[in-house]
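Input: a single structure, listed below in structure tokens.
Please read these numbers as outputs of a predicted model, since none were measured by experiment. Only heavy atoms go into these numbers, but all of them, side chains included; no hydrogens, no water, no symmetry mates. Residue indices begin at 1 and follow the sequence shown.
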Amino acid sequence: MVKEAVSDEEIMAAVWLRVREFNNFREDSFRMEDHKKYLAEIEFKALKERMAGETKGFRKVSCLNASLPLTELTLFADHDLCSKCKYFDDGEERVVVGTLDLNQCMRLPNEIIGQRPQGIGSDFLRAYLSSVCVAKELQRKGLGHALISKSKTVAEKWGIIHLYVHVALDNEPAKRLYLKSGFVHESDEPFADAKFLGRPRRILLWFGLPNPHNL
């Protein structure tokens with residue numbers, strides 16, 4: 001099941017998945033669980049503020065999640081995934097196994113800016129995907145494609161006609177996923193910018209949604 005998150009419990013489950021997938025933790029480190037909890041609380045607060053329209057520059061933000069019933073995961077997924085990424089939906093225990101944010105805005109902080117469309121009102125018609133991840137146990141099973149497909153549907157309902165995503169240049173699986181989903185290359189992050197930010201260089205991919213008004 002892929003849908004927009006509504007409850008705080010589901011949003012927190014998505015946040016825990018991001019903490020799990022975006023960081024390499026040394027489990028024997030002192031107070032590691034406290035550190036994970038701190039990261040989750042910071043991300044949850046920031047995401048809630050963006051979704052509530054309280055973050056400058058963001059017009060609209062939605063957290064989209066792919067989830068499975070807990071009973072389908074207990075035999076092969078680890079305890080961390082099944083416990084921290086769990087939430088209740090209509091009385092059923094489910095686990096968030098994939099997540100992303102859809103952001104209607106002119107730009108994302110510290111990222112390459114999309115070039116389409118130009119001029120006044122660009123932030124109404126442009127959106128970016130961010131925080132895209134799938135639980136490592138379930139990668140290459142179609143969840144990433146399902147999340148992207150749902151994000152296109154939601155973006156189109158918002159009136160978005162230009163959808164963007166940033167990808168690390170060396171992330172071949174992610175690039176294949178987006179290209180297979182119809183995204184095309186638009187621009188590259190300058191070497192100097194990536195070096196200054198201390199991260200792998202990124203590229204910007206674009207997807208065109210239906211444009212009924214030819215804007």
- [ ] Verify side-chain contact (heavy atoms from CB on, under 4.5 Å) between Leu73 and Leu138, making sure each step is shown before the conclusion.
- [x] CA-CA 10 Å; Leu73 295 170; Leu138 292 162; 3.9 Å; yes
Salt bridge [X]-[Y], side-chain N to carboxylate O under 4.0 Å:
X	Y	answer
Arg18	Asp101	yes
Lys141	Glu72	no
Glu189	Arg199	yes
Glu9	Arg94	no
Glu49	Lys56	no
Lys86	Glu92	no

Open item on the list: Within the supplied structure, the quantity of interest is the number of heavy atoms (other residues, nucleotides, ligands) at a distance under 6.0 Å from Lys136 NZ; does it exceed 12?
Closed with: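 Yes, NZ of Lys136 has more than 12 neighbouring heavy atoms, counting only those of other groups under 6.0 Å.
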Can you hop from [X] to [Y] via hydrophobic side chains spaced under 4.5 Å?
X	Y	result
Phe183	Leu169	yes
Trp16	Phe22	no
Met1	Val154	yes
Tyr38	Val19	yes

- [ ] Answer yes or no for Arg201 and Phe191: cation-pi contact, defined as NZ/CZ to six-membered ring centre under 6.0 Å and angle to ring axis within 45°.
- [x]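 Yes.
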TODO: Please report the shortest heavy-atom distance between Asn103 and Phe58, naming the atom on each side.
DONE: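 Residues Asn103 and Phe58, closest heavy atoms: OD1-CE2, 3.6 Å.
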Task: Shortest non-hydrogen separation from Ala40 to Val15 and the atoms involved - done: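 Here Ala40 and Val15 meet closest at O-CG1, 3.3 Å.
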Open item on the list: Run the salt bridge (Lys or Arg N to Asp or Glu O under 4.0 Å) test on Lys48 and Glu41 for me, step by step, so that the C-alpha distance in whole Å, both residues' side-chain angles and the decisive distance to 0.1 Å come before the verdict.
Closed with: CA-CA 11 Å; Lys48 285 284 292 181; Glu41 289 173 347; over 6 Å; no
Open item on the list: Run the side-chain contact (heavy atoms from CB on, under 4.5 Å) test on Asn110 and Phe196 for me, step by step, so that the C-alpha distance in whole Å, both residues' side-chain angles and the decisive distance to 0.1 Å come before the verdict.
Closed with: CA-CA 11 Å; Asn110 298 320; Phe196 175 78; over 6 Å; no
Please tell me if the side chains of [X] and [Y] come closer than 4.5 Å, counting only heavy atoms from C-beta onward.
X	Y	answer
Met51	Ser62	no
Lys152	Ser149	no
Glu156	Pro210	yes
Lys175	Ile203	yes
Arg140	Val134	no

Task: side chain to side chain contact (heavy atoms under 4.5 Å, CB included), paired with Tyr87, selected from Val95, Val96, Leu70, Ile11 - done: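 Single side chain to side chain contact (heavy atoms under 4.5 Å, CB included) partner of Tyr87 among Val95, Val96, Leu70, Ile11: Val96.
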TODO: Evaluate the criterion side-chain contact (heavy atoms from CB on, under 4.5 Å) for residue pair Leu209 and Asn211; output intermediate values, then yes/no.
DONE: CA-CA 6 Å; Leu209 289 161; Asn211 184 2; over 6 Å; no
Please report the interatomic distance [atom1]([X]) to [atom2]([Y]), rounded to the nearest 0.5 Å.
X	Y	atom1	atom2	value
Ser131	Leu47	OG	CG	7.5 Å
Leu147	Leu129	CG	CG	9.5 Å
Leu102	Ile160	CG	CD1	7.0 Å
Cys105	Ile113	SG	CD1	10.0 Å
Arg20	Cys85	CZ	SG	6.5 Å
Glu33	His35	CD	NE2	11.0 Å

Any sub-3.5 Å donor-acceptor pair from [X]'s side-chain atoms to [Y]'s backbone N or O?
X	Y	value
Ser151	Ile148	yes
Ser181	Leu177	yes
Arg126	Met106	yes
Arg107	Ile112	no
Ser7	Glu10	yes

TODO: Could you label the plane-to-plane angle of the Tyr128 and His166 rings as parallel, tilted or perpendicular, counting under 30° as parallel and over 60° as perpendicular?
DONE: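 Geometry flag for His166 against Tyr128: parallel rings.
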Task: side-chain hydrogen bond (donor to acceptor under 3.5 Å, both in side chains), paired with Trp206, selected from Gln115, His185, His162 - done: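 The option that passes is His162.
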Open item on the list: Would you say Glu186 and Tyr164 are linked by a side-chain donor-acceptor pair, where the criterion is simply a distance under 3.5 Å?
Closed with: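 The criterion, which ignores hydrogens and geometry beyond distance, is satisfied for Glu186 and Tyr164.
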Task: Trace of the side-chain contact (heavy atoms from CB on, under 4.5 Å) decision for Leu81 with Leu17 - done: CA-CA 7 Å; Leu81 177 65; Leu17 181 65; 3.9 Å; yes
